[in-house]
Structures are given as C-alpha cells and as structure tokens.
Amino acid sequence: MNKLLASMAGTVWKILVKAGDQVEEGQDVVILESMKMEIPIGAEFDGTVKEIKVKEGDFVNEGDVLVEFE
C-alpha cells in the first residue's frame, strides 16, 4: 500500500480528492498551509485513493500520513 506523506509541518488547507478517486503521478492531492503560504502536495505515483487520513483544518507534522492509495 502506498502512502502520501506530509513534506512539512502545516495545516491541511484543502483536500482535493475523495476515497475511490483515481489519481495520476504529479496530480495535486492535498494543499497544506504553512507560514501563510499554500503548498500543494502531489501524488508520487498513479493509484486509487483508499483512505484520507486527515481532514481540512488538521495540523500535521512532516512525515505524517495524509492519504493511503491502493
């Protein structure tokens, strides 16, 4: 199972996918906000979203799991 990890600490500003969505490598999946900047986090591979592990407004640390893929 593949996982998308937070590349930095920040607040989950927007989730751009839902469970069951197909994503392609490079597609933005989550947008984090840190120091008033929006940082898009893209998929590192093609796959299907299995589970979203965070919700909008959550604070995450670097390395936290954001989304799991099948």
Side-chain angles (χ1 to χ4, degrees):
M1 180 178 319
N2 294 317
K3 299 177 182 179
L4 180 65
L5 307 178
S7 58
M8 62 174 44
T11 302
V12 178
W13 183 72
K14 189 159 184 110
I15 299 170
L16 304 172
V17 296
K18 61 184 182 305
D21 284 357
Q22 293 283 336
V23 297
E24 296 179 1
E25 182 178 352
Q27 178 181 338
D28 291 344
V29 176
V30 175
I31 299 177
L32 297 181
E33 180 183 31
S34 181
M35 300 186 325
K36 300 190 186 225
M37 293 178 52
E38 296 172 10
I39 298 98
I41 308 297
E44 298 173 353
F45 36 76
D46 296 342
T48 302
V49 176
K50 179 179 179 189
E51 183 178 1
I52 298 170
K53 305 296 258 177
V54 295
K55 60 184 183 302
E56 291 179 4
D58 284 355
F59 182 82
V60 295
N61 289 302
E62 183 177 350
D64 286 354
V65 176
L66 303 174
V67 179
E68 290 184 348
F69 298 91
E70 297 182 289

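These values consider heavy atoms only, across backbone and side chains, with no hydrogens, waters or symmetry-generated copies.
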Trainee: So how far is it from Thr48 OG1 to Asn2 CG, rounded to the nearest 0.5 Å?
Mentor: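 The CG atom of Asn2 is 11.0 Å from OG1 of Thr48, to the nearest 0.5 Å.
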Trainee: Testing the basics here: between Ala43 and Val23, what is the closest heavy-atom pair and its distance to 0.1 Å?
Mentor: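 Ala43 and Val23 have their closest heavy atoms at CB-CG2, 4.1 Å.
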Trainee: Taking ring-ring contact (aromatic ring centres under 6.0 Å, His included) as the cut-off, I'd like each qualifying pair that reaches into residues 6-53, sequence neighbours left out, listed once.
Mentor: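 Every pair satisfying ring-ring contact (aromatic ring centres under 6.0 Å, His included) with a residue in residues 6-53: Phe45-Phe69.
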Trainee: In terms of hydrophobic clusters joined by side-chain contacts under 4.5 Å, are Ile39 and Val30 together?
Mentor: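 Yes, Ile39 and Val30 fall within the same hydrophobic cluster.
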Trainee: How about Glu24: does its CD atom have over 12 heavy atoms from other parts shown lying under 6.0 Å from it?
Mentor: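 12 or below, so no.
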Trainee: Go through the structure and list residues passing salt bridge (Lys or Arg N to Asp or Glu O under 4.0 Å) with Asp21, not counting sequence neighbours.
Mentor: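 Scan of Asp21 (salt bridge (Lys or Arg N to Asp or Glu O under 4.0 Å), adjacent residues dropped) gives Lys18.
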Trainee: Can you measure from CD1 (Ile41) to CD1 (Ile15) and round to the nearest 0.5 angstrom?
Mentor: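 Taking CD1 in Ile41 and CD1 in Ile15, the distance rounds to 12.5 Å.
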Trainee: As a quick check of understanding, evaluate side-chain contact (heavy atoms from CB on, under 4.5 Å) for Leu32 and Val60, giving each step before the final call.
Mentor: CA-CA 9 Å; Leu32 297 181; Val60 295; 3.9 Å; yes
Trainee: Pick out which of Ile52, Ile31, Val54 makes a side-chain contact (heavy atoms from CB on, under 4.5 Å) with Val12.
Mentor: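 The residue from Ile52, Ile31, Val54 that satisfies side-chain contact (heavy atoms from CB on, under 4.5 Å) with Val12 turns out to be Val54.
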Trainee: Roughly how far apart are Lys50 NZ and Lys3 NZ, rounded to 0.5 Å?
Mentor: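 The NZ atom of Lys3 is 9.5 Å from NZ of Lys50, to the nearest 0.5 Å.
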Trainee: For the pair Asp46 (side chain) and Glu25 (backbone), establish whether a donor and an acceptor sit closer than 3.5 Å, ignoring hydrogens and angles.
Mentor: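 Yes, the answer is positive, given that a donor and an acceptor are paired below the 3.5 Å cut-off.
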Trainee: Where do Ala9 and Ser34 come nearest, in terms of heavy atoms and distance?
Mentor: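 Heavy atoms only, the tightest pair is O-OG, 3.4 Å.
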Trainee: With side chains defined as the heavy atoms from C-beta onward, is the minimum distance between Leu4 and Val65 less than 4.5 Å?
Mentor: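 With C-beta onward as the side chain, the pair stays apart.
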Trainee: Would a 4.5 Å heavy-atom cut-off, applied to side chains only, mark Val29 and Leu66 as touching?
Mentor: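 No, side chains not in contact.
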